[in-house]
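Take a look at the structure set out below.
A quick note: this is a predicted structure, and the numbers were derived from the prediction, not measured. First listed ligand is number 1; within each ligand, the first listed atom is number 1.
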Amino acid sequence: HIVHFLCVSITLFNSNSSNILYEDCLIDFNFMVHNPWSLDVLLLICPSCLSSLVNQLVQTYKHSCSWFLGPFYCLVRLFHPDYNKPLLLASASITVKDELFYGLMRPWLGQGLLLSNGERWSRHRRLLTPAFHFDILKNYVVVFNHSTDIMHAKWRRLVAAGQKRLDMFDQISLMTLDSLLKCTFSYDSQCQEKSSEYITAIYELSTLVVKRQHYPPHHWDWLYWRSANGQRFRKACSVVHGFTTDIIQKRRTQLLHQGATKSQCVSEPGTRKKVTDFIDVLLLSKVGLLSIQSIQKYGNPMQYVFSGHDTTASGISWVLYNLAAHPKYQERCRDEIDSLLKGRETEEIQWDDLTNLPFTTMCIKESLRLHPPVVALSRQYTKDMPVPGGRTIPKGTISLLSIYGTHHNSEIWPNPEVYDPMRFDPEKSKGRSSYAFIPFSAGPRNCIGQNFAMAEMRVAIALTLRRFRVSLSGQNVRRLYTLILRAEGGLLLDIEPHNPTGPATPT
Ligand code: HEM
């Protein structure tokens, strides 16, 4: 690590050898020259410059390019569907999630689905797939409505108190955390109304992982665990792990008393049999009720909360931002939602309604293209990987599949910076590669929660537009690459209550 640290410094200070990576980050390069001993100069990836850096790279290299981080790491960055395809479709047995990017999350998230590889991953994925069955997801729509209602009640109180400018990320990530904890752990955290040690710990961990990622000396465990941040990380981990173990223990005892079996987990398609939730699917394996130790072998279940709440919150926040920036699309979505709910006694969005919001869904997809919550995937392969043009990515090379880059590639998406929901009109989508739009990744390691996320996004967007108008706050919004795509300084939007013609009060 020390050698790498020095080599990275040399690379950074030698502008000739770093012309690709730092073309767009010259501001930081100047900063480095003036502060040669500041450890901050080793911020390899300047989060707020990175999105424009990737834009620039995509414009120059339409398919792929490579980066050298010191002499040790060669990264291949891919931005084209034809290049993404063979890598995304590679079997799990030769695909490895590399440690440079994912390893830092391991002390928190353990060896679960998100971070495991090979046979362990396959077993785990088979175990969890039933937890995302449509018959289970259907029941979550009630929860999505309810969590959104709680958020809107809070917004109304804030507006009444004179505060109409809100940071969407703050508001929406609490809402998605609330609903995810209810859906996955049957746990009502009330996190939208009151703060808790556990919620604070989750926030702390997300922030500390990003800080560590951007500070190479802390990639070295020995140093990190002795640092103040390392100790904060350890403390937050023990709060989160203690919390989940407790919830699982309680649910396990309940199931034990009820004599529950696996057959109760998933209802038969089309029937209304008892449906248990995610934690039950995890606990009730085909060999019977799993022990806490066996559950932990599958990794900390907390990772589903992590993978699910911040990503969905980023997705919803950027949709609202794009609709605030394009009032005509906002109005068109609102008309669609108003006519869907017309004549109903309640404002609840139901499962069957989700397929009846075609324009709103196009707006959501276009936002996921322009502002994908997960900006890149990182992989290593245990075999040489052939890509188009007779080229090969040598085995072991870190391959960054740039979701952001692919979605901003002008070869695939003309005028990529323009927000145009009509790109997702079924007629216009014909003939487009399935690997051109990959917010949820693709292939065997795609996002297991994508239907969950799309359902929650549609419910939250529909109810928000039904009850509020959103407009830009006038603040300059700059994309910020962290573990997920955020906005520098928060995503501030102005909200104004809107009274639809139908019933105005949430159920
Ligand atoms: C808009 C919301 C979401 C987006 C954009 C998103 C995106 C992604 C992406 C790109 C991956 C691949 C990551 C990689 O290979 O490194 C992924 C994996 C995953 N996601 Fe999501 N996700 C979202 C919501 C959710 C939700 C709601 C859940 C759970 C409730 C979830 C659970 C997971 C899990 C467990 C994996 C690992 C799957 C595997 O490796 O087999 N995600 N997600």
Side-chain angles (χ1 to χ4, degrees), residues 84 87-92 95-103 105 109-118 120-129 131-133 136-137 140 143-144 147 172-173 175-177 179-185 277-279 281-282 298-319 364-365 367-380 398-404 406-407 435 437-461 483-486:
N84 296 336
L87 301 189
L88 288 172
L89 286 183
S91 91
T95 309
V96 179
K97 292 215 169 171
D98 82 276
E99 286 298 303
L100 181 65
F101 290 92
Y102 294 94
M105 292 192 258
L109 299 176
Q111 276 290 0
L113 194 58
L114 185 66
L115 302 181
S116 58
N117 294 309
R120 183 190 191 106
W121 169 82
S122 304
R123 256 185 294 123
H124 199 155
R125 180 97 185 193
R126 272 197 304 276
L127 175 80
L128 283 173
T129 299
F132 293 91
H133 191 285
I136 289 190
L137 293 186
Y140 293 160
V143 179
F144 301 153
S147 297
I172 295 169
S173 58
M175 187 278 284
T176 53
L177 182 59
S179 63
L180 205 66
L181 287 173
K182 283 177 184 151
C183 296
T184 52
F185 295 114
D277 62 25
F278 178 89
I279 190 173
V281 174
L282 205 60
Y298 286 110
N300 187 336
M302 214 47 236
Q303 61 182 277
Y304 309 104
V305 177
F306 163 74
S307 331
H309 100 269
D310 247 9
T311 43
T312 313
S314 166
I316 297 171
S317 305
W318 285 111
V319 176
I364 293 174
K365 287 188 176 168
S367 183
L368 290 172
R369 180 194 69 80
L370 198 57
H371 295 103
V374 177
V375 288
L377 312 170
S378 152
R379 301 276 190 273
Q380 278 174 304
I398 299 178
S399 307
L400 283 181
L401 288 97
S402 176
I403 297 179
Y404 186 93
T406 307
H407 289 184
Y435 302 89
F437 177 63
I438 46 169
F440 298 104
S441 181
R445 294 216 63 164
N446 69 352
C447 174
I448 200 170
Q450 61 178 295
N451 293 322
F452 181 114
M454 282 303 288
E456 181 164 24
M457 289 178 76
R458 278 184 274 204
V459 171
I461 296 294
L483 280 183
I484 57 144
L485 187 67
R486 293 175 178 276

message: If the cut-off is 4.0 Å to any non-hydrogen atom of L377, which atoms of ligand 1 fall inside it?
response: 10 (C), 12 (C), 13 (C), 14 (C), 15 (O), 16 (O)
message: Please list, in number order, the atoms of ligand 1 under 4.0 Å from a heavy atom of N446.
response: 38 (C)
- prompt: Does ligand 1 have an atom that lies less than 4.0 angstrom from a heavy atom of R379?
  reply: yes
field: Check: I438 and H407 side chains under 4.5 Å, non-hydrogen atoms
entry: yes
- prompt: Numbering the atoms of ligand 1 from 1, which are under 4.0 Å from a heavy atom of S441?
  reply: 10 (C), 12 (C)
task: Can you see which heavy atom on R379 is nearest to which on T95, and at what distance?
output: CD-CG2, 3.3 Å
query: When rounded to the nearest 0.5 angstrom, what distance separates CD in E456 from CG in N451?
result: 13.0 Å
- prompt: Given M454, K97, R125, which has its nearest heavy atom closest to atom 41 (O) of ligand 1?
  reply: R125
- prompt: Of all the atoms in ligand 1, which lie at a distance below 4.0 Å from a heavy atom belonging to P439?
  reply: 5 (C), 7 (C), 10 (C)
task: For the residue pair S402 and V375, establish whether any side-chain heavy-atom pair is separated by less than 4.5 Å.
output: no
- prompt: For ligand 1, which atoms have a heavy atom of Y102 less than 4.0 angstrom away?
  reply: 14 (C), 16 (O)
query: Nearest non-hydrogen atom to atom 3 (C) of ligand 1 belongs to which of F440, Y140, W121, W318?
result: F440
- prompt: Under the side chain to side chain contact (heavy atoms under 4.5 Å, CB included) criterion, do T184 and H309 qualify, and how do the steps go?
  reply: CA-CA 11 Å; T184 52; H309 100 269; over 6 Å; no
message: Contact between ligand 1 and C447 is defined here as a heavy atom of the residue under 4.0 Å from a ligand atom; is it met?
response: yes
query: For ligand 1, is I438 a contact, meaning one of its heavy atoms is under 4.0 Å away?
result: no
statement: Within 4.0 Å of some non-hydrogen atom of L114, the atoms of ligand 1 are 36 (C), 37 (C)
field: CG on D310 to CD1 on I172, rounded to 0.5 Å
entry: 11.5 Å
field: Ring centres under 6.0 angstrom apart (F452, F144)
entry: yes
query: How long is the gap from CG on L128 to CZ on R123, to the nearest 0.5 Å?
result: 12.0 Å
- request: Give the numbers and elements of all ligand 1 atoms closer than 4.0 Å to a heavy atom of T311.
  value: 1 (C), 2 (C), 3 (C), 4 (C), 23 (C), 24 (C)
